[in-house]
Visitor: 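Here you go, one structure.
Chain letters run A, B, ... following the sequence lines, proteins first and then strands; every chain starts at 1.
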Amino acid sequence: MQCCGVYPDNFTYSFLLKACNSLSLVQMVHAHVEKLGFYGDIFVPNALIDSYCKFGCVGIRAGMKLFMVMEERDVVSWNSMIGGLVKNGELDDACKLFDEMPKRDMVSWNTMLDGYAKAGEMNKAFGLFERMPERNVISWSTMVWGYSKAGDMAMARMLFDKCPMKNLIIWTTIISGYAEKGIVKEATVLYDKMEEVGLKPDDGFLISILAACAESGMLGLGKRIHASIRRCRFRCSTKVLNAFIDMYAKCGCLDAAFGVFSGMSRRDLVSWNSMIHGLGIHGHGEKALKLFSRMVHEGFEPDKYTFIGLLCACTHAGLINEGRNYFYAMEKVYGIVPQVEHYGCMIDLLGRGGLLEEAFGLLRNMPMEPNVVVLGTLLGACRMHNDVDLAKAVCEHLFKLAPSDPGNFSLMSNIYAQAGDWVNVANIRKQMKSTGGQKPSGASSIEVEEEVHEFTVFDQSHPKSNDIYEMIDRLVQDLRQVGYVPKAYI
DNA sequence: ATAGGGTTAG
C-alpha cells in the first residue's frame, strides 16, 4: 500500500485495530504508527488505547504507557483508559484517573457507575449517581442492574420507577432481576405493563428473561413468554431458541426442551451443548451420549462445553468408564486441552463412584493448581465414602485457598462427626467462631401455581409445614425399604 | 468511549 504512495488514514487504522485478536497484533499496529512518526489526529492513539485494553493487565499497562506519553488528550482518551481499567476490575486506579480528569462527560460518569455496580459497591455507585450533573437512561439502568444483582430489589424498583426515560433495556433489567430471584408476580405484572406501553421483546430481552427463569426454576414465566411470543408470531433466532432449550431443561421439562431442539431448522453448537447438558443433569446419561454421537455425525466439532456436558452426564448416570474414555478422547481425538473444569468433572465422577485413590491421583497430576471447587468436590466425595484421612489432606489445601469459607468448615466438621472424632469437631467449631463464619443455609425453591415456595433446612415457616414433614417421613420410609440409608448432619 | 443477553464442573 505504501509502495503506491498511499498512506493509511484513521479509518484504515480503525479497521486494522478492530481485526486485532491478540496483543502482539495491536503492538504491530502501534509500532507501525510510531514508525510513520505521526499519529494523524488523536483518533489513532485513542483507538490504540482502546484496543490495548482488551487484552488484560499486560494490555492495560501498554495502553497506560501510551496514554501517559500522549501530548494531547481528549475526553475520549480518558474514557477509554478508565473503561479499560474498570473492565479489568482495577477500580482504584480508574477512580484516580476519573478524579484527575479536567473535564468529564456522561460517558465518564456512566463508566465509573458501571465499575462500582459490577463490583457490587452500590453505596459508592449511588454516591456518584447523586453527584452526576445529568443522567441518561444508561445511568439509570446501570443503577437498576447493580441493585438487582446485589439483591436489593427495593432500591432497584425505586430507581426503575423514577427513571424518566425507560427503554427496552431498563425494562429487561428490572424484569430479569425479579425473575432471577423467583419473584414471579412482579416479573409477570411488569411484563404485561411493558407490553401495555407498546414495547415489544427483542432477542436480548428474551435471552435475559429466559436465563433468569432457568436459574430460578420459574417454569411458569418461561412458558408464559413462550405462549406470548407465539401469539405475536415473533420469529425466534437460534440464540433465543437455545435459551428456551436451557430454560426448559433446567426446569426439568426435558420433553419441552427436546421439542424446541427438534423443531429448530438451524442448530448451532450451543443448541447441542445445551441439550446434552440438560439430559445429563437429569440422569439421562445414555441419551446424552447418543445425542453426542448424532452431533458428531452431523458434522459439528465439539468444544470444551460439550465435554463438560458429557462428563456431567456420565457423573449423574454413574458411567465411570465412559467418562474416562471421553476425558482422554477430548484431547487425543478432538484436540481440546482439558481445563480445570474438566478435571473437576472427572474428580467428581471418580469420587462419587468411590474411586477416591484415582480421584486424588488425578488431582495431584493436574497441570494446573486445583481451585476451591475441585477441592470441595473431592471433599464431598470423602464425606460420601467416609474417608477421614484423605479428607484431612484435602482440607489442608482447601484452608490455604479459602481460609474463611464457612462451607468448607462445616463440610469438614461433618466428616469428623461421622468418624466420631468429637475433639476435632470442637476444634473446627472454635475456628469457625474465630473467623466469624456461619454457613448460610442453602435454600431450594419450587414454583406451584404461580407462587414460589422457598425451603431451608429445619424450615417450619411454611403454612403446610406439618404436612410437608409428614410426607418427607413417608418418602424416607419408602426409600429405606429399597435400601437407602439417609444421613443426618449437624 | 458507557447499560440488558445463549451452553461453563460442587
Visitor: Are the charged groups of A:K96 and A:D92 less than 4.0 angstrom apart, N to O?
Guide: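 Salt bridge between A:K96 and A:D92, a charged N being under 4.0 Å from a carboxylate O: no.
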Visitor: Nearest whole angstrom, please: distance from the C1' of B:dG10 to the CG of A:L379.
Guide: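 Taking CG of A:L379 and C1' of B:dG10, I get 11 Å after rounding.
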Visitor: Are A:H342 and A:M330 side-chain neighbours, meaning at least one heavy-atom pair lies under 4.5 Å?
Guide: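 Yes. Closest side-chain heavy atoms under 4.5 Å.
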Visitor: Round to the nearest Å and state the distance from A:I225 atom CD1 to B:dG5 atom P.
Guide: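 The distance from CD1 of A:I225 to P of B:dG5 comes to 15 Å, rounded to the nearest Å.
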Visitor: Looking at DNA chain B, which of residues 341-369 of chain A put a heavy atom within less than 4.0 Å of it?
Guide: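 When residues 341-369 of chain A is checked for heavy atoms under 4.0 Å from DNA chain B, the hits, listed by number, are A:E341, A:G344, A:C345, A:D348, A:R352.
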Visitor: Once hydrogens and angles are ignored, does a donor-acceptor distance under 3.5 Å link the base of B:dA3 to the side chain of A:N167?
Guide: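 Present.
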Visitor: Roughly how many Å is it from CG in A:L210 to P in B:dT7, rounded to a whole number?
Guide: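 Those two atoms, CG and P, are 11 Å apart.
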Visitor: Distance criterion of 3.5 Å, no angle test: do you see the side chain of A:T142 paired donor-to-acceptor with the base of B:dA3?
Guide: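 A donor-acceptor contact between them is absent.
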Visitor: Please tell me if A:K54 has a side-chain N or O lying less than 4.0 Å from either OP1 or OP2 of B:dA1.
Guide: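 No.
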Visitor: Test of understanding: with side-chain hydrogen bond (donor to acceptor under 3.5 Å, both in side chains), list the residues that count as partners of A:Y52, not counting sequence neighbours.
Guide: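 So A:Y52 forms a side-chain hydrogen bond (donor to acceptor under 3.5 Å, both in side chains) with A:H30.
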Visitor: Classify A:D268 by what it touches in the nucleic acid, base, sugar-phosphate, or nothing, heavy-atom distance under 4.0 Å.
Guide: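 Base, at least one base atom sits under 4.0 Å.
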Visitor: Once you apply a heavy-atom cut-off of 4.0 Å, does A:T111 come out as touching a base, just sugar-phosphate, or nothing?
Guide: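 The answer is sugar-phosphate, as A:T111 gets under 4.0 Å only of primed atoms, P, OP1 or OP2.
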Visitor: Under 3.5 Å, is there any donor-acceptor pair linking the side chain of A:T172 to the base of B:dG4?
Guide: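 It does, because a donor-acceptor pair links the side chain of A:T172 to the base of B:dG4 below 3.5 Å.
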Visitor: Is there a salt bridge (charged side-chain N to carboxylate O under 4.0 Å, His left out) between A:R157 and A:E186? Walk through the geometry before answering.
Guide: CA-CA 10 Å; A:R157 180 56 182 272; A:E186 285 305 325; 2.9 Å; yes
Visitor: Send over the distance from A:K239 NZ to B:dG5 P, rounded to a whole Å.
Guide: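 In whole Å, B:dG5 P lies 13 Å from A:K239 NZ.
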Visitor: Would one find more than 12 heavy atoms of other residues, nucleotides or ligands at under 6.0 Å from atom NZ of A:K149?
Guide: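 Yes, the 6.0 Å shell around NZ holds more than 12 heavy atoms from other groups.
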Visitor: Any base atoms under 4.0 Å from A:V374, or only sugar-phosphate, or nothing? Heavy atoms, all strands.
Guide: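 Since a base atom lies under 4.0 Å of A:V374, the category is base.
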Visitor: Identify whether any heavy atom of A:F244 sits under 4.0 Å from a base atom; if not, whether one sits that close to sugar-phosphate; answer base, sugar-phosphate or nothing.
Guide: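 Counting heavy atoms under 4.0 Å across all strands, no contact is made by A:F244.
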Visitor: Scan A:N371 against the nucleic acid and name what it touches under 4.0 Å (heavy atoms): base, sugar-phosphate only, or nothing.
Guide: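 It contacts base atoms.
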Visitor: Think A:K118 forms a cation-pi with A:W145, using NZ or CZ under 6.0 Å from the six-ring centre and within 45 degrees of its axis?
Guide: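 Relative to the ring axis of A:W145, which defines the angle, A:K118 lies inside both limits.
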Visitor: Just checking, any donor-acceptor pair under 3.5 angstrom between side chains of A:T306 and A:Y334?
Guide: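 No, no side-chain donor-acceptor pair sits under 3.5 Å.
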Visitor: Expressed as a whole number of angstroms, how long is the span from A:N79:CG to B:dA3:P?
Guide: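 From A:N79 CG to B:dA3 P: 12 Å.
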Visitor: Using a 4.0 Å heavy-atom cut-off across all strands, classify A:T377 as base, sugar-phosphate, or nothing.
Guide: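 Result for A:T377 = sugar-phosphate.
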Visitor: Does B:dT8 have its OP1 or OP2 closer than 4.0 Å to a side-chain nitrogen or oxygen of A:K250?
Guide: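 Checking A:K250 against B:dT8: at least one side-chain N or O falls below 4.0 Å of OP1 or OP2.
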Visitor: For A:V340, answer base if it contacts any base atom (sugar-phosphate contacts may also be present), sugar-phosphate if it contacts only those atoms, and nothing otherwise; contact means non-hydrogen atoms under 4.0 Å.
Guide: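 A:V340: base contact, heavy atoms under 4.0 Å.
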